[in-house]
Amino acid sequence: MSAATAATTTAAAALRFWERGRKAVCVGRNYAEHARELNNPLPQEPVLFLKPPTAYVREQGRPLRAPWFCSSLHHEVELGVVVGRAGSCISQAAAMEHVAGYALCLDMTARDTQEACKSKGLPWTLAKAFDGSCPVSDFIPKERIPDPHDLNIWLEVNGQRRQDGHTSNMIFSIPFLINYISSIMTLEEGDLILTGTPSGVAAVQEGDELVAGISGVVTMRFRVAARAPRP
């Protein structure tokens, strides 16, 4: 494959990461106030979980919907980092060279299910990886965000501000996360890293309208539909 062809392939994977990416790697408890609001200890190293590509929802796509087993669906607004160049064991010094751009994301969480899993010492897969659990914005080119650690991210429900945070408050920086994650699993073109949510997470109900944004960069809007029927 020529360098030009490789660049085109990488660009396509990043631009349409929700179709071309193979995984979303999510970071839990990366804002101290969020960890405290859920009575979780502050992490000494990143807390990771995964979402599959079927979790992605585009703004003009399916509405947000709780899975059939969930009675408490929570919103979590996050900055997403889109990987543009594959790598493993990426150094912190080189980490940003692997970033193609960013996205605004929601980590929709079946909170009651998560609490039940935690109480039993089980993984969070049911609570985090269900279909439609990761609404995302369009791809945001890297050039539009000179410093990803200097962003205001926010979320409103029915016009009421619920979350209002700043990426400077992340416990683990983006270069640190890229280094840490890539030391465990290879990051591939089009993969997405969700960098954690600020405080203010809460439940949503059928009919609620969610508007989220990165101030001065992007906004997105979704509406909550009825819970999925039990199969």
Side-chain angles (χ1 to χ4, degrees), residues 16-19 21 23-31 33-34 37-38 47-67 70 72-82 101-114 124-140 145 148 151-167 169-170 191-215 217-228:
R16 301 188 67 82
F17 64 90
W18 57 89
E19 293 178 346
K23 59 184 176 292
V25 185
C26 307
V27 182
R29 306 174 189 172
N30 201 26
Y31 288 76
E33 289 304 315
H34 171 59
E37 75 178 345
L38 296 183
V47 176
L48 303 181
F49 57 93
L50 299 176
K51 289 180 183 278
T54 53
Y56 291 135
V57 179
R58 299 287 293 122
E59 189 165 1
Q60 301 303 320
R62 304 187 307 275
L64 306 189
R65 189 184 303 274
C70 167
S72 182
L73 181 68
H74 278 213
H75 57 74
E76 299 188 9
V77 66
E78 311 203 8
L79 174 67
V81 177
V82 182
Y102 303 93
L104 180 62
C105 310
L106 300 183
D107 169 19
M108 302 304 294
T109 301
R111 189 71 70 201
D112 53 335
T113 306
Q114 184 187 35
W124 301 352
T125 304
L126 285 175
K128 294 285 194 176
F130 54 90
D131 286 354
S133 62
C134 191
V136 295
S137 72
D138 289 338
F139 172 79
I140 303 167
I145 297 181
L151 298 173
N152 173 233
I153 57 175
W154 54 269
L155 181 140
E156 296 178 348
V157 178
N158 301 327
Q160 179 181 4
R161 187 68 57 103
R162 292 258 189 103
Q163 293 187 265
D164 198 342
H166 200 273
T167 56
N169 293 321
M170 289 191 293
D191 283 351
L192 182 67
I193 300 171
L194 271 65
T195 59
T197 193
S199 61
V201 303
V204 294
Q205 309 297 328
E206 179 182 351
D208 282 350
E209 182 180 64
L210 279 65
V211 180
I214 302 173
S215 296
V217 180
V218 69
T219 60
M220 62 182 186
R221 186 183 307 266
F222 293 92
R223 189 170 294 277
V224 181
R227 183 170 61 176

Looking at residues at least two apart in the chain, or sitting in another chain, which of them share a side-chain contact (heavy atoms from CB on, under 4.5 Å) with Cys105? Ala103, Val136, Leu192, Leu194

For Val217, enumerate each residue passing the side-chain contact (heavy atoms from CB on, under 4.5 Å) test, keeping only those at least two apart in sequence or located in another chain. Ile140, Arg144, Ile145, Ile214

Between [X] and [Y], which heavy-atom pair has the shortest distance, and what is it?
{"X": "Ala225", "Y": "Glu206", "result": "C-CG, 3.9 Å"}
{"X": "Glu78", "Y": "Gly196", "result": "OE1-N, 2.8 Å"}
{"X": "Ser137", "Y": "Val218", "result": "CB-CG2, 4.2 Å"}
{"X": "Phe130", "Y": "Ala110", "result": "CE2-N, 3.9 Å"}

Given 3.5 Å as the limit, does a donor-acceptor pair link the side chain of [X] with the main chain of [Y], or not?
{"X": "Glu76", "Y": "Leu106", "result": "no"}
{"X": "Gln163", "Y": "Pro198", "result": "yes"}
{"X": "Arg29", "Y": "Val47", "result": "no"}
{"X": "Asn30", "Y": "Val27", "result": "no"}
{"X": "Ser215", "Y": "Gly213", "result": "no"}

Checking side-chain contact (heavy atoms from CB on, under 4.5 Å) against Leu104, which of Leu151, Val77, Asp138, Leu155 comes through? Val77

Check against side-chain contact (heavy atoms from CB on, under 4.5 Å), His75 and Met108: CA-CA 5 Å; His75 57 74; Met108 302 304 294; 4.3 Å; yes

Listed partners of [X] passing side-chain hydrogen bond (donor to acceptor under 3.5 Å, both in side chains), at least two apart:
{"X": "Thr125", "result": "none"}
{"X": "Glu37", "result": "His34"}
{"X": "His74", "result": "Ser72, Arg111"}
{"X": "Thr167", "result": "none"}

Just jot down the ring pair (Phe, Tyr, Trp, His ring centres under 6.0 Å) partners of Trp154, sequence neighbours excluded, or say none. none

Who passes ring pair (Phe, Tyr, Trp, His ring centres under 6.0 Å) against Phe139, sequence neighbours left out? none

With sequence neighbours excluded, what pairs up with [X] under the salt bridge (Lys or Arg N to Asp or Glu O under 4.0 Å) test?
{"X": "Asp191", "answer": "Lys23"}
{"X": "Glu209", "answer": "Arg221, Arg223"}
{"X": "Asp131", "answer": "none"}
{"X": "Arg161", "answer": "Glu156, Asp164"}

Using the rule given for side-chain contact (heavy atoms from CB on, under 4.5 Å), can you reason through Cys70 versus Asp112, listing the C-alpha separation, both sets of side-chain angles and the distance that settles it, and then say yes or no? CA-CA 7 Å; Cys70 167; Asp112 53 335; 3.7 Å; yes

Taking the six-membered ring for Trp, are Phe49 and Trp124 parallel (under 30°), tilted (30 to 60°) or perpendicular (over 60°)? tilted

Let me see the working for Ile153 and His166 under side-chain contact (heavy atoms from CB on, under 4.5 Å), right down to the final yes or no. CA-CA 6 Å; Ile153 57 175; His166 200 273; over 6 Å; no

Yes or no on side chain to side chain donor-acceptor pair (under 3.5 Å) for Lys128 and Ser133, after CA distance, side-chain angles and deciding distance? CA-CA 7 Å; Lys128 294 285 194 176; Ser133 62; over 6 Å; no

Just verifying a value: how many Å separate Phe222 CZ and Leu210 CG, rounded to the nearest 0.5 Å? 9.0 Å

Check: Met170 and Thr195 side chains under 4.5 Å, non-hydrogen atoms: yes

Close side-chain approach of Pro53 to Trp18, heavy-atom, < 4.5 Å: no

